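None of the values given here were measured: they were computed from a predicted structure. Atoms within a ligand are numbered from 1 in the order they appear, just like the ligands themselves.
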Amino acid sequence: MDKDVHQAFETLAIHAGQEPDPVTGAVVPPIYQVSTYKQDGIGGLRGGYEYSRSANPTRTALEVCLAEVEGGVRGLAFASGLAAEDALLRTVCRPGDHVVIPNDAYGGTYRLFAKVGEPWGMVFDPVPLGDVAAVRAAMRPETKIIWVETPTNPLLGIADIATLASVAHEAGALLVVDNTFASPYLQQPLALGADVVVHSTTKYIGGHSDVVGGALVTSSAELGERLAFHQNAMGAVAGPFDAWLTLRGIKTLGVRMDRHCANAAAVADMLTRHKAVRQVLYPGLPDHPGHEVAVKQMRAFGGMVSFRMASEEAAVRVCESTRLFTLGESLGGVESLIEHPGRMTHASAAGSPLEVPADLVRLSVGIEDVGDLLRDLSGALAAATA
Ligand SMILES: *Cc1c(COP(=O)(O)O)cnc(C)c1O
């Protein structure tokens, strides 16, 4: 491929890091299910591979592809999103360092800060990231990271990446963006000034609910080197088959996201007009507080929709009354999922500043036929409020 020609997202998603195999011509990188590599004399490595924790060709293909689709210089693939987050935090922070986190971060991210980071000496403050003055006020001399999630899980809050990047950089801190909900197809944080992008590739990037994985992508070669050192030293790498499944997922990310967005917009529209629904949280709705920022920094508004019912009981009944939307955790797969964050994904945030409303329902709108999805939800809302 001609590297001088700037290729578009969909082309990179299919080809970056994936030249046809020079020996066999295989158009897809094989699953190198191998731990070690023959050396041609001591230190005589063929292609730089010596042991698969340090590097594996299938994982390299994924890491190159991830870096290219996020517009970064270095991509690193981990065993899960949380493993990626942990490696990043322990690369950048030391005991006593401070991190600003969203006051509605993903529950697992919050748990990592509160139950692992804090006992280890890390200090953090949950802040509403939509309020730039509040973020500025939370900055301290020890602040090493502003940790952004946009849209947030599960409240679909929006943070202004470019503005927060300048707040971070003025204070000598890094801007980290968890881009899991948007995916690199809808949002390019590094181009907006972020230093590191975090992914749970388990979600939209993998896209088929068949693999757990995580990634870091950075715009700094120097930070990339330090992250790669920690990836190898700490060891929570993606295995070859997981890397291969994730690569396969990325190829169709663009077309899947187009359908996720269109279906989610139709679902959000139906919910706003339903009398049993108290509030719909979707950044594509003009009355969403982050709508203007979302228009500025996202190609479209994503496949996640949350809504509030009149009571916890009604929310639980809706979750238990769908047939096509599967009751389950996780998100971003081709199949639609429904869940009750307060009792499921975000149960670990109960009693914390990140507790989510008990009347909240979260949808991961899949790519099934939109008419079937709307009928299923209408039926569940009717059953739940009968
Ligand atoms: C799921 C998720 C994570 C954690 O990723 P795992 O792959 O489950 O470890 C992090 N951030 C967000 C926004 C998520 O949805």
Side-chain angles (χ1 to χ4, degrees), residues 62 66 70 75-90 99 101-117 124 126 129 145 147-159 161 176-184 186-187 189 194 196-217 231 234-239 242-243 245-246 249-250 257 260 264 281 283 298 301-306 328-333 337-341 344-349 354 356 360 362-366:
L62 171 61
L66 286 166
E70 280 288 2
L76 297 160
F78 292 84
S80 71
L82 284 171
E85 295 184 18
D86 178 35
L88 171 61
L89 289 172
R90 286 200 271 165
V99 181
I101 71 164
N103 71 343
D104 55 348
Y106 166 65
T109 298
Y110 178 71
R111 184 177 54 200
L112 180 66
F113 278 96
K115 304 285 187 202
V116 181
F124 68 95
L129 297 188
I145 294 174
W147 187 284
V148 173
E149 210 181 287
T150 184
T152 55
N153 179 0
L155 294 173
L156 285 309
I158 298 292
I161 296 171
V176 169
V177 176
D178 183 335
N179 204 25
T180 298
F181 264 38
S183 90
L186 298 183
Q187 179 169 277
V196 184
V197 165
V198 175
H199 277 288
S200 170
T201 55
T202 313
K203 316 293 170 53
Y204 286 105
I205 287 182
H208 296 75
S209 305
D210 54 11
V211 61
V212 170
L216 299 175
V217 181
Q231 180 196 39
M234 292 162 64
V237 296
D242 288 358
L245 281 170
T246 307
I250 297 179
M257 289 314 294
H260 281 296
L281 309 174
M298 299 177 79
F301 306 105
M304 300 299 295
V305 179
S306 293
E329 302 198 351
S330 198
L331 60 109
L337 299 174
I338 189 167
E339 69 124 358
H340 185 267
M344 295 169 62
T345 47
H346 291 67
S348 66
L354 280 80
V356 296
L360 189 72
R362 189 188 78 179
L363 303 175
S364 173
V365 181

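In this structure, F124 has its ring center no closer than 6.0 Å to that of W147.
Looking at every heavy atom in both residues, E149 comes nearest to N153 through OE2-N, 2.9 Å.
Side-chain contact check for M234 versus D86: some heavy-atom pair is nearer than 4.5 Å. A heavy-atom distance below 4.5 Å is not found between the side chains of V176 and P189. Using a 4.5 Å cut-off on side-chain heavy atoms (C-beta onward), K203 and S364 make no contact.
Side-chain contact of T345 with E339: a donor-acceptor pair under 3.5 Å is present, judged by distance alone.
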One line per pair, note the atom names and distance for all nitrogen or oxygen contacts under 3.5 Å between ligand 1 and the protein.
| from | atom 1 | to | atom 2 | distance (Å) |
| --- | --- | --- | --- | --- |
| ligand 1 | 5 (O) | S200 | OG | 3.0 |
| ligand 1 | 7 (O) | G81 | N | 2.9 |
| ligand 1 | 7 (O) | S200 | OG | 2.8 |
| ligand 1 | 7 (O) | T202 | OG1 | 2.8 |
| ligand 1 | 9 (O) | G81 | N | 3.0 |
| ligand 1 | 9 (O) | L82 | N | 2.9 |
| ligand 1 | 11 (N) | D178 | OD2 | 2.7 |
| ligand 1 | 15 (O) | N153 | ND2 | 3.2 |
| ligand 1 | 15 (O) | K203 | NZ | 2.8 |

